[in-house]
Amino acid sequence: MRARLPSTPTLIGLGLCAAILAFAAGDLVHTESTLPDAAAGCRKSDASCREVALRDQLARDRAAEPLQDRYDTRAWVYSFGILAIAALTVAYRLRTTSRREWPRIFTNLGVTGVWLGIAAVLLLLATDGSSVAPPPAPLLMIPVIMLVAAAAGTLTGRAEGW
């Protein structure tokens, strides 16, 4: 089977989603940069340096709490924006293709959801321990909804004999 290039509306949708993701990443980096700097590493034998480092980290974590709360709110907006673009792209593809091609659209949606889920888990693991990190719920909501939509579309297609 020969791989096809995505259609122009699909590429536009992917581009818009990538722009939202880039903006969200920039927002996260900017939010993290407003925190006070973390203390430098200390030797195990230097107790006073470790005490200062712990105090600095505690102050950084306290300062990060309100920033994390505000970023969490914005992360929901980013997630719903990506889902809206994905829904519009899938709706357009369903409208412009024959019913015989619909199962492939839902298969592609499911595969995309799996890859996004893997990327989301890797991102959560990479940012674990950061003072300001992407919240798991809006991040994982995107692949979960894509997988549910793909499963529902596939089951409906099989039931109706597409």
So how far is it from Thr73 OG1 to Gln68 CD, rounded to the nearest 0.5 Å? 10.0 Å
What's the separation between atom CG in Leu140 and atom CD1 in Ile145, rounded to the nearest 0.5 Å? 11.0 Å
Establish whether Ile118 and Val111 are linked, either directly or via other cluster members, by ILVMFWY side-chain heavy-atom contacts under 4.5 Å. yes
Taken to the nearest 0.5 Å, the spacing of Leu147 CG from Leu116 CG works out to 9.0 Å
Hey, what do you get for SG (Cys17) to CD1 (Ile82), rounding to the nearest 0.5 Å? 5.5 Å
Kindly work out whether a path of hydrophobic side-chain contacts (I/L/V/M/F/W/Y, heavy atoms less than 4.5 Å apart) joins Leu122 to Val114. yes
Which residues pass the salt bridge (Lys or Arg N to Asp or Glu O under 4.0 Å) test with Glu101, sequence neighbours left out? Arg104
If I take atom CZ from residue Phe23 and atom CG from residue Leu28, how far apart are they, to the nearest 0.5 angstrom? 12.0 Å
Which pair of heavy atoms, one from Trp102 and one from Leu94, lies closest together, and at what distance? NE1-O, 3.0 Å
Is there a side-chain contact between Leu16 and Thr89 (heavy atoms, below 4.5 Å)? no
Quick one: salt bridge (Lys or Arg N to Asp or Glu O under 4.0 Å) partners of Asp27, sequence neighbours excluded? Arg74
Hey, are the side chains of Met141 and Leu83 touching, using non-hydrogen atoms and a 4.5 Å cut-off? yes
Return the minimal non-hydrogen interatomic distance between Ala86 and Met146, and the atom names on each side. CB-CE, 4.5 Å
Give me the atom names and distance for the closest heavy-atom approach of Ile20 to Gly81. CD1-C, 4.0 Å
In terms of hydrophobic clusters joined by side-chain contacts under 4.5 Å, are Ile85 and Phe80 together? yes
In terms of heavy-atom contacts, Arg93 and Ile105 come closest through O-CD1, 3.8 Å
Non-hydrogen side-chain atoms of Ser131 and Asp61 separated by less than 4.5 Å: yes
Determine yes or no for a side-chain-to-main-chain donor-acceptor pair under 3.5 angstrom, with Trp76 supplying the side chain and Pro138 the backbone. no
d(Leu123 CG, Leu21 CG) to nearest 0.5 Å is 9.5 Å
Closest approach of Ala133 and Tyr71, non-hydrogen atoms and distance? O-CD2, 4.2 Å
Any side-chain to backbone donor/acceptor pair from Thr156 onto Gly153? Under 3.5 Å, distance only. no
Where is the tightest heavy-atom contact between Ala149 and Phe106, given as atom of each residue plus distance? O-CD2, 3.8 Å
